[in-house]
Visitor: 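Structure provided below as C-alpha cells; questions to follow.
Atoms within a ligand are numbered from 1 in the order they appear, just like the ligands themselves.
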Amino acid sequence: MKKLVLFLASAVLVASACNGPVSPQDRLTANDQKINELIAQMTLEEKVNMLHSKTNMSSAGVERLGIADMNYADGPFGIREEGQPHSFQSAGWTLDSATYFPTGSALAATWSEELAYKYGTGMGKEARLRGKDVILGPAVNIQRLPVGGRTYEYLSEDPILSAALSLQYTLGVQDKGTAVCIKHFAVNNQETNRGSVDAQLDERTLREIYLKPFERAIIEGGAMSVMPAYNKVNGDYCSENEHLLNEILRGEWGFKGFTVSDWGGTHSTMGAMLHGLNVQMTGSNYLGQPVIDSIATGALTEDLVDEKVRQILRVRMAIEAVPADVANTVQTSQPESQQIALEVARKSIVLLKNMGLLPIAKDVKKIAVIGQNAVLKTQSGGMGAGVKALYEVTPLEGICKRAAELGIEVKYAPGYKTIAFRWGPAPANLDPLEARSNDEPADPALVAEAVALAKEADLVLFFGGTNKSIETEGSDRKNIDLPCGQNELVKALFEANPELVSVLVSGGPTDLRELEPVSPAIVQAWWNGTEGGTALAEVLFGDIVPSGKLPFTFPKKLEDSPAYAMGNFPDPNGAGGDLFSLMFRPDVLKMTPEERQKFLDSLPKPVSKYTERFYVGYRWFDTKEIEPMYPFGYGLSYVYFEYGPITAKVEKETVKISFTLHNDGEYDADEVAQLYVSRPESKVEWPVKELKAFRRVTLNAGETKTVTMEIPLKDLRYWNEGTNAWDLEHGKLQLLLGGSSDDIRETAEVTI
Ligand code: GLC
C-alpha cells in the first residue's frame, strides 16, 4: 500500500509563519491542497464510498490512491474488543484485551484536568496499538436525569466541569495520534425513546448548558470528528440538524473535521447531505447509491460530495494509518495505562459520610465484606462502552490483598444476588437465585448468612449500588432505588453490628434515605476501572486520603430533581415509540423501504421538554432551596482544609483570584477548591449560583499553599435571546469559594 505522505508538519509551519498561531481546527486544513489534488483523481463512486460504512467499525478510503480506510473503536473508557466485520459480535481475538479505565462519572469525580489529559493519552495509545484511527468518545452529554442509562458513561451536570474534562481528554487522545469522535452531539440525555425522542429546549439553555461540553473540545481541543446523537433537537434529527451541524458546529465553531452518525442514526439522503452529515454508520441505504442517483437527477451536486470527502480526508491525513502488519501485534493493555487508571480511580472515590470508622482502625482484625457488588466485575456490559479488560481488581480482591499485608482476616458473603448484566429471559441453566430480577426483595437465606458473618466481625463493609443490567445504554432506570433488597439487608447488618461502612458501586446516584441512617460511613466507589479494587482498599485502609467530589447531585428522592419536578420526564405519551428499538425488529427489517417509512411515520412522536431550562442539577436544587441528599461538588476527606480570604481583581478580560489553602490534618491530601459566582443585582435571570472555576490542590500534612484561579469574562456571558448572540452583563459579581457547592468558605465581590 502506498505510504501516505504527511504534509501536516510543514503546512502548519508555513501557516503559522504567515499569520500567527493556527487554531486547532484550522490545523486540519493544512493539507487541503494535497487533498484537492487527490479528490480530482477520484471517481464519484470512490468519493461516495467514503460516505458510509465499509464494515461495522470502518469507513472506506481509496486503496488505488493510497488512502487508508478509517477504523473506529468504542468506547470512552477502554478500546473495545474487535468485533466481527459486520456485527458487534466478538471476533474472538486474544491481543485485544484493553485497559478498563474508570468510567465517565468516576473521571468526572476527580475534577482533575491533569488526569483527564493522561486518561486521554492512555486511550489514544491503546487505540493505535489496535490499528484504530478514531475513538468513539469522549461521551460528554450533561447529566440531566439521575436515572439516565448512560450516567456512568457521561461526566457531570455542570457544563464548566464537563467542558474542562472533555477538552483535556480530547487533547490527550489526539496528542497520541488518534482522533476523538466526541459524542453524542447533542442534547442526548435519556435512553427512553432515544432513537426518536425530540428534545425541545430554548436557545439559551442549549448554548449555556448542553453544547458547552462539546464547544471547548472542538474549538480549543481541535476535536477531529463528532458523532451526532440519535435523538432530535427542536424537531430535526441530530444527524441532519442544520442548526447544530452547519450553523453552530461548522459556522460558529469553525469545525473542519467530519461527522459520523451514531450506529443506525442516519435518517435520509437529502437531510444528511444538506445538513451536515459526512459518514453514515452503518449501511449505505442513504449515503451510498442514493447520493449518486441524486447527483444524476441534479438534486445534489458533486461539489457537495467533494466538500464532505475533503472534511474526511483532513482527518485521514492528520492521523497516520497503522499498517495492518503492525496493528494488533502486542497486547492492547499497557502498564502505563493501567497506572493511569489506578491514579484516576484513587482520586475519584468520594467519601460521603464518616463518623470515625474510616480510615479502618489499626485494631480491626476481622472484616466482613457483604454484597455481590464487592465481586461483580463492571468492565463489560452496558452495550457500546463495554471493555474486555486484561484484568480487573474487584473491591473484594483489593481489600483481601491489603488486609493480608496487615494481618487482617476477611470473610465474604453475597448478601443479595443480582443479574450480572444479562439481557433477555434468564437462561434455563441459570440457578433460580441467579435468575432473579434486580428489584426483588432480599433473600432471607442470604440475609441470615450475611448477618451471621457481621456478628463475628470487628467491621462490616457493605457493598451496595447498581450493576450493568440496571444502568446501561439503551434504557433508563425506572427509579434510583437500591435494588435486590439492599436496604433491608443493610438495616439487618447494622442491627447485627453498627461498625458498618457502606460502599456504593454504581455509575449514577442512588436513593440513600434508608441506607444513610444505618451507615456510620458511606463511600461512593463508582465503576472504577481495572484497578478500582486496589484504589478502594487504599482509601479504606488509609494509605491514601479520599479526594473525589460529586460531579452531579444525589437527590434525596428522584421527584426532587428538576425534570421530574417539572413533569418533563418520563414523557407520559412517549411509551412504545422508540424508533431505534423498533427499526431492528425482524418484521420491520423485512419491510420494503416504503413500508418501513410508512410504519415509522405511524409511530408516536415522543418529546422531551426541557422547561426546567438551565436549572439543571444544583442550579435547580440551590435556586429552589431543595435540600439534596449530597450536593454537587461534595466530598469529605480525612483532613480539614482551611481557606484564606480571597483577593480578586479583573484584568485582561479575566477575573483573577487568589487565596491560601491550608491542610490542617495529619495526612497528605488533595482538595478540590471550587469557585462559584452569583449575580445579586442582575437584570438577567440566573441560577442562584454557577460553577465557574475549580482547582485540585495537593497539600502535605500541615502545608499551606497560595492558589490562583481565573474566570475568563467570556465564561460569564449569557445567550441573549433578544439579539441571538452571547452577551456580557456588567455589574456586581459575587465570588463564592469552597470545597462544595454547599460549603462556601470565603466570598468576595468584583465589578465586571
Ligand atoms: C451505540 C452508541 C454509541 C456507540 C455506537 C457504536 O449505539 O450510542 O455511543 O459508539 O453505537 O457502538
Visitor: Any Lys/Arg nitrogen of Glu82 or Lys132 sitting under 4.0 Å from an Asp/Glu carboxylate oxygen of the other?
Guide: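 Yes, charged N to carboxylate O under 4.0 Å.
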Visitor: Looking just at side-chain N and O atoms, do Arg194 and Asn231 make a donor-acceptor pair shorter than 3.5 Å?
Guide: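 Per modelled atom types, Arg194 and Asn231 side chains form no pair under 3.5 Å.
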Visitor: Can you list the ligand 1 atoms lying under 4.0 Å from a non-hydrogen atom of Lys183?
Guide: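 The list of qualifying atoms is 3 (C), 4 (C), 9 (O), 10 (O).
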Visitor: Has Ser162 got a side-chain atom pairing as donor or acceptor with Ser156's backbone, closer than 3.5 angstrom?
Guide: yes
Visitor: Which of the atoms in ligand 1, numbered in the order shown and given with their element, are less than 4.0 Å from a heavy-atom of Leu136?
Guide: 10 (O)
Visitor: For ligand 1, which atoms, with element, lie under 4.0 Å from some heavy atom of His184?
Guide: 3 (C), 8 (O), 9 (O)
Visitor: Run the contact test for Tyr230 against ligand 1 with a 4.0 Å cut-off on heavy atoms, strictly below, and give the result.
Guide: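 The answer is yes, since Tyr230 has a heavy atom less than 4.0 Å from ligand 1.
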Visitor: Is it the side chain, the backbone, both or neither of Met281 that has a heavy atom closer than 4.0 Å to ligand 1?
Guide: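 Neither part.
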Visitor: Do Arg150 and Asp476 meet the salt-bridge criterion of a basic N to acidic O distance under 4.0 Å?
Guide: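 Arg150 and Asp476: not salt-bridged.
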Visitor: Can I get a per-line list of side-chain donor-acceptor pairs under 3.5 Å for residues 70-78, giving both atom names and the distance, sequence neighbours left out?
Guide:
{"from": "Tyr72", "atom 1": "OH", "to": "Ser59", "atom 2": "OG", "distance (Å)": "2.7"}
{"from": "Asp74", "atom 1": "OD2", "to": "Arg80", "atom 2": "NH1", "distance (Å)": "2.7"}

Visitor: Going by the order shown, which atoms of ligand 1 are within less than 4.0 Å of some heavy atom of Asp74?
Guide: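 Contacts of ligand 1 toward Asp74, numbered from 1: 4 (C), 6 (C), 10 (O), 12 (O).
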Visitor: Find all atoms of ligand 1 within a distance of less than 4.0 Å from any non-hydrogen atom belonging to Phe88, and give their numbers and elements.
Guide: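 Those atoms are 12 (O).
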Visitor: Within the 4.0 Å heavy-atom shell around Arg80, which atoms of ligand 1 are there?
Guide: 12 (O)
Visitor: Please could you name the atoms of ligand 1 that Met227 approaches to less than 4.0 Å, counting only its heavy atoms?
Guide: 10 (O)
Visitor: Show the atoms of ligand 1 that are less than 4.0 angstrom away from any heavy atom in Arg150.
Guide: 2 (C), 3 (C), 8 (O), 9 (O)
Visitor: Tell me, please, which residues at least two apart from Thr205 pass side chain to side chain donor-acceptor pair (under 3.5 Å).
Guide: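 With sequence neighbours excluded, Thr205 shows a side chain to side chain donor-acceptor pair (under 3.5 Å) to Asp202, given in chain and number order.
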Visitor: Just to be sure I read this right, does ligand 1 sit under 4.0 Å from the backbone of Glu153, its side chain, both, or neither, counting only heavy atoms?
Guide: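 No part of Glu153 comes within reach of ligand 1.
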Visitor: Where on Glu191 is there a heavy atom closer than 4.0 Å to ligand 1, on the side chain, on the backbone, on both, or on neither?
Guide: neither
Visitor: So, Glu242 versus His275: side-chain donor-acceptor pair below 3.5 Å or not?
Guide: yes
Visitor: Report yes or no: do His184 and Tyr154 form a side-chain donor-acceptor pair below 3.5 Å?
Guide: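 Side chains of His184 and Tyr154: pair found under 3.5 Å.
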